[in-house]
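Report on one structure; see the data block that follows.
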Amino acid sequence: MRISTSTSFLNPISSIFLKQWFSTNPNLTTLFNKYVDKTDVSSWNSIIAELARSGDSIEALRAFSSLRKLSLRPDRSTFPCTIKSCSSLFDLTSGKQAHQQAIVFGFEPDLFVSSALIDMYSKCGELGNARKLFNELPQRNVVSWTSMITGYIQNGDAHEALSLFKEFLMEESDGGRETKVFIDSIAMVSVLSACSHISENRITKVVHGFLIKRGFEGDLCVANTLLDAYAKCGDLTIASKIFDEMPERDIVSCNSMIAIYAQNGLSTEALNVFYGMLKDGDYNYDAVTLSAILLACAHSGALQLGKCIHDQVIKMRLEDNVFVGTSIIDMYCKCGRVGMARRAFDRMKEKNVKSWTAMVAGYGMHGRAKESLEVFYEMQKAGVKPNYITFVSVLAACSHAGFVEEGWHWFKTMNQEFNIEPGIEHYGCMVDLLGRAGYLDEAYELIEGMKVKPDCVVWGALLGACRIHKNVKLGEISSRKLFELDPNNCGYYVLLSNLYADAGRWEDVERMRIFMKNHRLIKPPGFSLVEAKGRVHVFLVGDKEHPQYEAIDEYLDRLYVKMKEVGYVPDTTSVLHDVDQEEKQTVLRVHSEKLAVAFGIMNTIHGTTVQVIKNLRVCSDCHAAIALISKIVNREIVVRDSYRFHHFKDGLCSCGDYW
DNA sequence: TTAGGGTTAG
């Protein structure tokens with residue numbers, strides 16, 4: 001059989017034929033020798049289009065090059081797919097060559113060609129060239145407008161994208177023109193994407209009103225982007241309302257909602273949407289779903305579920321997806337299994353800056369600064385440029401382990417060698433590092449020299465360090481700043497009060513107590529999570545709601561007897577000083593992490609690691625108690641608090657009591 | 001020819 005006529009490629013049969021050909025034998029020479037008339041431009045166009053469609057942009061460009069070598073004259077259909085292939089590869093050189101050819105053959109003004117060129121220049125970061133082309137267009141259609149609007153979003157200027165949209169609306173309402181241009185749902189999606197980037201509720205609301213007026217409300221893609229825009233503005237209530245009320249949903253709607261919940265720490269809600277997807281069975285989950293679910297697992301410390309998702313990733317052959325791979329590393333690190341994270345990391349074929357940073361941060365949060373820095377060196381050797389967050393992770397790792405010299409080195413080097421100006425987060429890490437290592441004056445000096453206004457994290461780090469090193473003077477300075485910045489945060493008053501108590505300044509302690517009482521400042525309730533038999537159990541401080549409460553209480557009693565035998569003395573310094581000693585001990589005894597640890601030991605197989613996650617910092621009494629418990633019951637206990645990981649084994653903690 | 005969802009810190 002010989003397919004020789006130019007029209008044959010335009011009918012569905014030959015399109016199927018081409019797809020089959022490329023899936024089994026992507027050899028253009030054989031294809032032409034056997035089936036196709038090499039001198040027919042339409043045949044070449046079909047081949048370029050099919051290659052571009054199937055994602056083989058390199059071959060598509062080779063086909064275009066072959067066509068030119070044969071001195072064939074490309075027509076207007078040749079260019080859009082050729083230019084699109086350049087965009088997909090971010091290949092500006094080939095893109096410019098294709099542009100040149102389009103000019104030579106007189107197709108630059110063609111709307112299909114010019115829109116593809118605007119898109120290509122935008123994707124390759126040459127926004128100026130894109131805008132020049134757009135400005136010079138004799139006429140514009142909705143595609144050229146949308147391409148230009150999207151170009152601004154892709155290049156980080158969502159505000160300009162919105163301005164252009166306003167211009168578009170003016171042209172749309174200009175009745176004097178012969179050819180009217182109407183906004184369509186694709187343009188609407190682009191505009192909403194700009195709203196997501198701007199993250200201003202007011203703007204999203206205006207665009208929402210506009211799209212209702214223009215009848216785009218029922219469009220699935222528009223609704224998906226709208227819920228994302230509201231979520232990015234921080235309005236999760238409206239986002240979930242839109243999701244709940246959607247007459248139809250697709251995988252993108254569900255993935256968006258899962259990701260929104262997961263990114264905002266609402267792991268249970270994220271999992272509920274996922275389970276809903278599984279139950280309905282209308283569409284299969286994909287790499288995006290699993291990546292978002294892994295984030296939910298990371299937040300809630302759901303290791304068992306995380307492992308199941310990892311198995312699923314392997315089954316679906318998604319291991320080489322860099323998003324999924326990075327999420328797996330992050331999940332294992334945040335679920336306490338940094339070794340498993342490392343194994344997954346080493347298996348990754350493609351690693352980007354986020355994958356490397358996840359591993360650097362992962363080691364850091366487990367107090368393993370040496371390994372963290374080693375990964376950071378490897379990253380540089382591999383030619384991956386660290387970013388702002390990488391340096392936060394490096395400095396945080398140094399801070400967790402007390403690596404003062406290394407921290408200073410990278411803090412100075414990040415600007416000098418990597419051209420990244422230290423931001424407020426880097427200062428926060430440095431103040432923490434210096435302060436906890438005892439260099440309080442240096443930490444204060446660093447704050448005084450900051451170009452940006454120090455925030456709660458920075459002053460909070462200094463106050464925390466003052467508590468450890470009992471420095472009342474600097475503690476008062478930092479608390480004054482903190483009371484101004486965040487007057488309703490109870491934690492700072494408690495810290496200062498404890499600092500006074502350590503110094504024996506009981507009048508000041510009393511003054512703080514009265515102040516907190518008068519201002520009705522209540523410490524946020526501590527809670528701990530523990531996973532057992534595939535379920536995550538939540539314990540609040542003094543929680544009597546759990547069905548096994550009595551058994552837990554009895555078990556804790558027995559543990560206390562044994563702990564006291566090996567020298568445990570309750571450390572009541574972190575309890576507010578408005579209760580008597582006995583009551584303080586009772587308060588400590590029902591701290592959520594102790595309840596969760598006891599429950600974990602009772603409900604997991606002996607020999608396995610008990611893992612607890614706490615929303616606040618673990619208190620010093622619990623830290624000492626859990627260390628002893630690990631020895632008494634001969635179990636490894638891992639506690640993730642709001643700051644870092646503690647691995648307790650044989651009566652000792654991996655943090656070396658430096659936390 | 002144009003559009004929507006995912007990964008790293010504190």
Side-chain angles (χ1 to χ4, degrees), chain A residues 49 52 76-77 79-81 83-84 87 110-120 122 141-151 153 184-194 196 219-229 231 250-260 262-263 286-295 298 318 321-331 333-334 351-362 364-365 386-397 399 423-429 432 455-458 460-461 642-644:
Chain A
R76 66 189 288 267
S77 303
F79 287 103
C81 286
I83 297 165
K84 189 182 160 67
S87 309
D110 182 278
L111 272 172
F112 277 67
V113 177
S114 56
S115 296
L117 284 169
I118 290 168
D119 179 61
M120 183 275 293
S122 300
N141 66 4
V142 67
V143 179
S144 34
W145 277 102
T146 308
S147 300
M148 197 63 239
I149 290 171
T150 309
I153 301 170
D184 64 5
S185 62
I186 299 179
M188 209 60 254
V189 167
S190 294
V191 174
L192 282 167
S193 169
S196 292
D219 185 283
L220 182 58
C221 293
V222 169
N224 286 343
T225 324
L226 182 66
L227 77 88
D228 181 66
D250 64 3
I251 189 168
V252 177
S253 334
C254 294
N255 287 347
S256 298
M257 210 55 233
I258 293 172
I260 288 163
Q263 287 158 355
D286 63 7
V288 180
T289 327
L290 297 184
S291 172
I293 286 295
L294 284 163
L295 180 63
L318 294 171
N321 178 309
V322 70
F323 283 88
V324 175
T326 307
S327 303
I328 287 171
I329 293 165
D330 184 53
M331 180 276 293
C333 287
K334 289 187 179 145
K351 299 183 188 94
N352 64 18
V353 62
K354 291 185 183 180
S355 328
W356 285 96
T357 304
M359 202 62 242
V360 169
M365 67 181 83
N387 67 14
Y388 188 95
I389 297 175
T390 316
F391 280 104
V392 177
S393 309
V394 167
L395 297 179
S399 166
I424 202 148
E425 292 89 349
H426 304 105
Y427 278 98
C429 292
D432 190 63
D455 65 357
C456 293
V457 177
V458 175
S642 59
Y643 187 64
R644 58 164 292 159

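Note on naming: letters A, B, ... go to the chains in the order of the sequence lines (proteins, then strands), and numbering restarts at 1 for each one.
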Gap between atoms [atom1] and [atom2], on [X] and [N] respectively (whole Å):
X: A/Asn352; N: B/dT8; atom1: CG; atom2: C1'; answer: 8 Å
X: A/Asp330; N: B/dG10; atom1: CG; atom2: P; answer: 11 Å
X: A/Met331; N: B/dT8; atom1: CE; atom2: P; answer: 13 Å
X: A/Lys354; N: B/dT7; atom1: NZ; atom2: C1'; answer: 6 Å
X: A/Ile83; N: B/dT2; atom1: CD1; atom2: P; answer: 11 Å
X: A/Ile328; N: B/dT8; atom1: CD1; atom2: P; answer: 13 Å

Look at all strands and tell whether [X] reaches a base, only sugar-phosphate, or nothing, counting heavy atoms closer than 4.0 Å.
X: A/Ala259; result: sugar-phosphate
X: A/Val322; result: base
X: A/Asn387; result: base
X: A/Ala361; result: sugar-phosphate
X: A/Ile251; result: base
X: A/Ile149; result: nothing

For this session: Would you indicate, yes or no, if B/dT7 has its OP1 or OP2 atom less than 4.0 angstrom from a side-chain nitrogen or oxygen of A/Lys334?
Result: no

Problem set entry | Below 4.0 Å: OP1/OP2 of B/dT7 and any side-chain N or O of A/Lys351 | no

For this session: Using heavy atoms and a sub-4.0 Å distance, could you list which residues of residues 184-193 of chain A are near DNA chain B? By number, please.
Result: A/Ile186, A/Val189, A/Ser190

Problem set entry | Under-3.5 Å donor-acceptor pair between A/Ser115 side chain and B/dT1 base | yes

Applying side chain to side chain donor-acceptor pair (under 3.5 Å), name anything that partners [X], two or more places apart in sequence or on another chain.
X: A/Ser291; value: A/Ser327
X: A/Asp184; value: none
X: A/Ser114; value: none

Seminar exercise, completed: dist A/His426:NE2 -> A/Tyr388:OH (nearest 0.5 Å) comes out at 5.0 Å

Problem set entry | Partners meeting salt bridge (charged side-chain N to carboxylate O under 4.0 Å, His left out) with A/Asp219 (sequence neighbours left out) | none

For this session: Could you list the residues that satisfy salt bridge (charged side-chain N to carboxylate O under 4.0 Å, His left out) with A/Lys84, not counting sequence neighbours?
Result: none

Exercise. Quick one: do the A/Asn387 and A/Thr390 side chains pair a donor with an acceptor below 3.5 Å?
Worked result: yes

